[in-house]
Amino acid sequence: MRRAITSRWLLKARTRLDIPVFLCPLIGTTSSSAPRSGALVSSRVQSAPWGTTPRRCLHMQADVPTAVTPLSEPPAVLSAPTKTLPRQCRGCGALSQTSQPNQPGYFDLSRKAVQKYLGADEPSNHRSRSRSEDQIYEDALKQLDSKKLEEQGVDMEALALSLGPPSTQLQTPPKKPLCDRCHSLLHNHTGESIYHPSVESIRDTLFESPYKYNHVYHILDAADFPMSLVPKISQLLDTMPLRSKNRRSRAGRFYHGQKTEMSFIITRSDLLAPTKPQVDSLFPYLREVLREALGRVGPGIRLGNLRAVSAKRGWWTKELKEDVWKRGGGGWMLGKANVGKSQLFEAVFPKGRMDWDPSKHQITIDMEAQAQEEFYRPAEEETPEIQDDFLDDFSLLPPKPKEIQFPEMPLVSDLPGTTASPIRVPFGNGRGELIDLPGLERSGLESHVKKEHRLSLLMQSRIVPEQMTLKPGQSLLIGGFIRITPREPSPIMLSYSFTPIKPHVCRTDKAISIQNQTGEVNVENIAVPDTGEKTRLAGSFKLEWDVTKHRTGPLTRKSAIGLDVERLPYRVVSTDILIEGVGWVEIVAQVRTRDLFAPKALPDIEKTEAATEPVREMSAMEQLEAVAEDTSKKTYPTPLPVAEVGPKDLFTPKALPEVEKTETSTGSGREMSAMERLEALAEESSKKRKLPLLPTIGQELGESDWPSLSPIDKELDEPNWPIVDVYSPEGKFISCRRPMNGWMLNKPKVTAASKRSRPRKSMKGAKKLERKLKRERAATRPAATF
């Protein structure tokens, strides 16, 4: 269309101007009937090298007497690729391949984005022909006099817009395409998870690090913290021990010529509280919970390397980015699947710092300074990117890519197991690189959920829960396939579900039928069929943490009434039930103090084989002898003088210990005097063990609190905690932790509309009804007779 329009004004301009034919050969092909000076035309046409060669006309004029048969167009042939596929997919890190369509890293060569990157998206003959013709057209326009063309009515601005960009203009390189699996994840939210690596393979990958100084960032998810802690973490701590509380402990050690340290990063902390100061106030709680999750090594660790960040809200990500930059070397993102590693990777990666000049004190291994980002050049001057000579089939670490200012970041997806292979992204002109490792297997809970509901298991935003009441005989259902049932006898409990799946409260028998998928109650169960047959008891959890101070409000607040908790006639106890990869449920109960510390019944003593034999009934004479023997064994206390003990202590059990023989007494069995009895009573009371107070959120009873008690004695002396039983598929995916009091931080907003009381009911209708009833009673009353 553009050439058809330009040919018209060229023909018009040629009739009024003397334009050399060699500057625009298209003029000679448009028409041959224009008057021209013979000498000028003949001389210039002879000098033209293409004047005697046959030309194919773009337009055929109507007055041409001879018929010209157009040449047949050659078939469009795709040009040969001028580039090769990248070494690995920039989204998942899998090595590029074109043989297995269902595996990560597969590139479909017929996809438009892949053809554009390879330079094979246009037919070669059409592209070369159009480019050569455009070049001739642009060169001819540059030789024309713009003033004369404007006098003839030619719009030069329109012609300038038709000119293409100059060949010297720098072009940005084309964007690397994603593999077919990442393309489906990004645009269609569909895909299959990878086979998750083991802890041993992650450890072997860390050993292949080319850096002398390495730092591992262990990513933990705030939704089910601390269930996302890597199992067998002690195996990794052998080579990267955490600093103990000993003031002489060293910060790190060298193993096999490398020094590796570890930090714990709690990501998605915006799920815990609405504001940053509230999350910061939870930091001591998070540290203690992590200390308990580390097991026997936890109490002796400082845990000064713990951070709580939010890539979504930008909380503490700038500080972590500067930490990554200052450390340099190898930074490794380690964690379970779908905990937010790739999203945090993009937030803390130090981009655009290639202009940094490496210091002479910077120590690295096998790294050289990289050149600055190069602009895209024509394909003839490019060298292939893939060199198979550098690909090691036995290496767990992929090749190092070229460093650029603003590299492509790993793909962020809700599918667990998006990253298939380590993704290495260097920064700082050789200062270091950040490596995103594949996620370890986190949970198999999604395999028990219907495919259309699997994305709903992931908590994507903060939950404002609804307060639900669990009365005796009721249970709480989470998604229809996880059941929380208080054990009888149980007090009234309050539950707060911090999960993205819907909770439901009903009778226990109905809840069992819904969970087993055998009932006809209209309650949604998102589990796949036959999951009810696999339901097992996941555990029985005690509400053993005292939250009375947090729940009583002004009663125990120092600025208000300021009562001591020990003076209250009740206790508020709580616990958090964790669902792996989903969230948590807060359970709270209020119990009376005397019921909580009531003595427990002794456990039934198992009968021995001898005791199982039938017991022979005693005769009357034997029964009398047994009664006489029991009477002779009884001892009666001797009254103490009133002056020494007091009237209140007479014949009391505490003031009358058993008669004991002193060490210096002889066989005569001398009884103790009144003073000796008082001394023995004081000594006995001092030896009595004092019961410990209830553990609060910042305190937990350990083995040192029960120094000389057997397991049966511990069970008897322990308070009567309320207990909840949790049932889940295969009896897995459930745990508990000390309560975070999430309800106190995530209550619904109190607005003026919520404070507004219910409007008072009008009494007009009630008065009318009362008068109507009065008339009806009067009408039905029998008339009085005189």
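As a basis for the values below, the full set of heavy atoms in this structure was taken, side chains included, without hydrogen atoms, waters or symmetry mates. Residue indices begin at 1 and follow the sequence shown.
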Criterion salt bridge (charged side-chain N to carboxylate O under 4.0 Å, His left out) on Lys341 and Glu346, from CA distance to verdict: CA-CA 9 Å; Lys341 298 189 301 298; Glu346 183 176 359; over 6 Å; no
Do [X] side-chain atoms and [Y] backbone N/O form a donor-acceptor pair below 3.5 Å?
X      : Y      : answer
Lys732 : Leu445 : no
Arg87  : Pro398 : no
Ser249 : Asn246 : yes
Gln258 : Ser209 : yes
Arg90  : Glu408 : no
Gln88  : Gly93  : yes
Thr499 : Ile501 : yes
Glu403 : Asn429 : yes
Arg307 : Ile265 : no
Arg291 : Ile301 : yes

Do [X] and [Y] come close enough that some side-chain heavy atom pair is under 4.5 Å?
X      : Y      : answer
Leu229 : Leu290 : yes
Thr418 : Leu415 : yes
Phe345 : Met409 : yes
Pro426 : Pro401 : yes
Leu272 : Leu745 : no
His218 : Val230 : yes
Pro719 : Val573 : no
Glu288 : Tyr285 : no

Once you round to the nearest 0.5 Å, how far does [atom1] of [X] lie from [atom2] of [Y]?
X      : Y      : atom1 : atom2 : answer
Asp280 : Thr275 : CG    : OG1   : 8.5 Å
Leu271 : Phe225 : CG    : CZ    : 13.5 Å
Asp221 : Leu458 : CG    : CG    : 7.5 Å
Phe349 : Lys321 : CZ    : NZ    : 10.0 Å
Lys558 : Leu563 : NZ    : CG    : 13.5 Å
Leu543 : Ser574 : CG    : OG    : 6.0 Å

Donor-acceptor side-chain pairing of Thr552 and Thr556 below 3.5 angstrom: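 There is such a pair (donor and acceptor under 3.5 Å, judged by atom type) between the side chains of Thr552 and Thr556.
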Ser342 versus Asp436, side-chain donor and acceptor atoms under 3.5 Å: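 Checked: Asp436/Ser342 side chains pair up, N/O donor to acceptor below 3.5 Å.
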Would you find more than 12 non-hydrogen atoms of other residues, nucleotides or ligands less than 6.0 Å from [X] atom [atom1]?
X      : atom1 : result
Lys318 : NZ    : no
Tyr195 : OH    : no
Lys245 : NZ    : yes

So does [X] pair up with [Y], basic N to acidic O under 4.0 Å?
X      : Y      : value
Arg462 : Asp270 : no
Arg424 : Glu208 : no
Glu192 : Arg181 : no
Glu322 : Arg353 : yes
Lys259 : Glu261 : yes
Arg442 : Asp224 : yes

Worked verdict on Thr548 versus Asp546 for side chain to side chain donor-acceptor pair (under 3.5 Å): CA-CA 6 Å; Thr548 308; Asp546 188 4; 2.4 Å; yes
What is the minimum heavy-atom distance between [X] and [Y], and which atoms define it?
X      : Y      : result
Ser735 : Met227 : CB-SD, 3.8 Å
Ser201 : Pro197 : OG-CB, 3.3 Å
Ala222 : Trp584 : O-CZ3, 4.3 Å
Ile577 : Cys736 : CD1-CB, 4.4 Å
Leu578 : Pro226 : CD1-CD, 4.0 Å
Leu457 : Glu446 : CD1-CA, 3.9 Å

Check against side chain to side chain contact (heavy atoms under 4.5 Å, CB included), Ile484 and Tyr727: CA-CA 7 Å; Ile484 301 177; Tyr727 298 85; over 6 Å; no
Derivation and outcome, side chain to side chain contact (heavy atoms under 4.5 Å, CB included), residues Leu242 and Arg302: CA-CA 8 Å; Leu242 300 175; Arg302 293 190 181 186; over 6 Å; no
Thr260 vs Tyr255, side chain to side chain contact (heavy atoms under 4.5 Å, CB included): CA-CA, chis, key distance, verdict: CA-CA 8 Å; Thr260 307; Tyr255 290 90; over 6 Å; no
Distance under 6.0 Å and angle within 45° of ring axis: Lys276 vs Trp316: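 Pair Lys276/Trp316 counts as cation-pi.
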Parallel, tilted or perpendicular: rings of Trp743 and Tyr496 (30°, 60°):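 Parallel, since the angle between the ring planes stays under 30°.
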Worked verdict on Arg737 versus Glu544 for salt bridge (charged side-chain N to carboxylate O under 4.0 Å, His left out): CA-CA 10 Å; Arg737 70 181 180 196; Glu544 55 182 347; over 6 Å; no
CA sep, side-chain torsions, deciding dist, call: Ser263, Val216, side chain to side chain contact (heavy atoms under 4.5 Å, CB included): CA-CA 6 Å; Ser263 294; Val216 176; over 6 Å; no
The single option from Tyr211, Tyr217, Tyr213 passing ring pair (Phe, Tyr, Trp, His ring centres under 6.0 Å) against His215: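 Considering Tyr211, Tyr217, Tyr213, a ring pair (Phe, Tyr, Trp, His ring centres under 6.0 Å) with His215 is found only for Tyr217.
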